[in-house]
Amino acid sequence: MSATTTTETELQTTSLADLLRRVEALEAEGSKQIEKKNKLTIIAWGGNLDQIWPTTILATTAAASGMESSVFFTFWGLFAIVKPGVRITGDNWMQKMMSVMNPGSAQKAKLSRYHFAGAGPAMFKKLAQDHQVATPDELIALASDLGVRLIPCQMTMDLLGLKREDLIDGLEEPIGAATSLAEMRAAAVALFI
């Protein structure tokens, strides 16, 4: 056997061994990955009308199309699931002021832009009515009926002084950020609205 043939054979063997190691490494890495479910998870942090509306539309559409769907309401998004009659919440003056500054409930939500002293949301709701688009509070009720998991954030409830009885019926037990991240990690689609 010539020196050239020996070198070519060694290179082929080395390359094949290297290739097999790479394949094994990729397979090991692939086995660590989480299998994504046919699921939509939304982190609803915004409580404005133009954030609540797409959140509820996407959650109900996902559920109606057969996807598992969950919405984690945190920070200002939590006010979308406050009962309409609840106005002032909290135990201290800062929590009470935060509740006064937020309208509470999806029915009273403001637009993030073009609010115009309440005219903006009224026009938006009129346009939705004319085009037969359900309101966010109707969509929240529909979401519950469709099995969408509506989940309040425990930390935000504590921070803002909201109690379970301040929130609408049909919600799951409050969870924290770690559980919410686990929800998102297993979802094929995860959104932050």
Side-chain angles (χ1 to χ4, degrees), residues 36-87 89 98-99 101-116 118-157 160 162-175 177 179-181 183-184 186-193:
K36 301 288 185 180
K37 296 179 183 177
N38 183 26
K39 177 179 179 175
L40 166 70
T41 297
I42 300 174
I43 305 297
W45 77 273
N48 291 314
L49 187 59
D50 45 331
Q51 291 168 312
I52 297 167
W53 223 316
T55 296
T56 55
I57 289 170
L58 290 168
T60 54
T61 302
S65 66
M67 289 180 82
E68 186 180 334
S69 181
S70 64
V71 181
F72 178 65
F73 294 90
T74 189
F75 283 86
W76 312 129
L78 192 59
F79 284 99
I81 54 174
V82 169
K83 289 178 182 173
V86 173
R87 190 63 196 114
T89 60
M98 295 304 287
S99 67
M101 290 187 285
N102 283 282
S105 89
Q107 295 172 354
K108 299 174 188 171
K110 300 177 180 180
L111 288 173
S112 61
R113 298 179 65 190
Y114 313 119
H115 187 67
F116 301 123
M123 288 187 287
F124 212 82
K125 289 174 183 176
K126 173 68 171 124
L127 288 169
Q129 181 183 17
D130 291 349
H131 292 277
Q132 300 174 347
V133 175
T135 63
D137 53 310
E138 292 170 335
L139 288 165
I140 289 170
L142 177 62
S144 185
D145 291 345
L146 290 172
V148 174
R149 298 179 59 222
L150 304 172
I151 313 164
C153 174
Q154 183 64 62
M155 184 211 60
T156 305
M157 288 175 65
L160 298 175
L162 289 165
K163 295 178 178 36
R164 190 74 166 90
E165 57 269 15
D166 296 331
L167 304 178
I168 61 173
D169 297 328
L171 303 176
E172 293 205 4
E173 287 303 310
I175 63 172
T179 307
S180 174
L181 288 173
E183 287 275 327
M184 290 182 76
V189 180
L191 302 172
F192 191 83
I193 301 175

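Between P174 and R164 the shortest side-chain heavy-atom distance falls below 4.5 Å. Looking at heavy atoms from C-beta onward, I175 lies out of side-chain contact with C153 at the 4.5 angstrom threshold. With contacts defined as side-chain heavy-atom distances shorter than 4.5 Å, the pair I57/T55 does not qualify. Side-chain contact check for T135 versus Q129: every heavy-atom pair is 4.5 Å or farther apart. You'll find the side chain of L162 reaches within 4.5 Å of the side chain of L78, heavy atoms only. No side-chain heavy atom of E68 sits under 4.5 Å from any side-chain heavy atom of V148. Side-chain contact between F72 and L150 is absent, with no heavy-atom pair separated by less than 4.5 Å. The closest side-chain heavy-atom distance from M155 to F75 is below 4.5 Å.
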Under the criterion side chain to side chain contact (heavy atoms under 4.5 Å, CB included), I'd like the reasoning laid out for N48 against I52: C-alpha separation, chi angles, the key distance, then a yes or no. CA-CA 6 Å; N48 291 314; I52 297 167; over 6 Å; no
Side chain to side chain contact (heavy atoms under 4.5 Å, CB included) between S180 and I151, worked out: CA-CA 9 Å; S180 174; I151 313 164; over 6 Å; no
Report the C-alpha distance between I42 and F192 in whole Å, list the side-chain angles of each, state the deciding distance to 0.1 Å, and finish with yes or no for side chain to side chain contact (heavy atoms under 4.5 Å, CB included). CA-CA 6 Å; I42 300 174; F192 191 83; over 6 Å; no
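Here the shortest heavy-atom pairing between V189 and M67 reads CG2-CE, 4.3 Å. Minimum interatomic distance between M184 and A190 (heavy atoms only, all atoms of both residues): CE-CB, 3.6 Å. Of all non-hydrogen atoms in L146 and A63, the two that sit nearest each other are CB-CB, 3.9 Å. Looking at every heavy atom in both residues, Q51 comes nearest to G46 through OE1-CA, 3.1 Å. What you find for S144 and G170 is that their closest heavy atoms are OG-O, 3.9 Å. The two residues A134 and L139 come nearest to each other via the heavy atoms O-CD1, 3.6 Å.
For NZ of K37, the number of neighbouring non-hydrogen atoms (other residues, nucleotides, ligands) closer than 6.0 Å is 12 at most.
Here the CG atom belonging to L58 is positioned 14.0 Å from the CH2 atom belonging to W53, to the nearest 0.5 angstrom. In this structure, NZ in K39 is found 9.0 Å from OG in S69, a value given to the nearest 0.5 Å.
Remark: the backbone N or O of I140 is not paired with any side-chain donor or acceptor of T56 at under 3.5 angstrom.
When D137, I168, V71 are each tested for a side chain to side chain contact (heavy atoms under 4.5 Å, CB included) with I81, only one passes: I168.
If you look at W45 and F73, their ring centroids are not closer than 6.0 Å.
In this structure, R149 pairs ionically with E183, as a charged nitrogen and a carboxylate oxygen lie closer than 4.0 Å.
With sequence neighbours excluded, no residue forms a salt bridge (charged side-chain N to carboxylate O under 4.0 Å, His left out) with D169.
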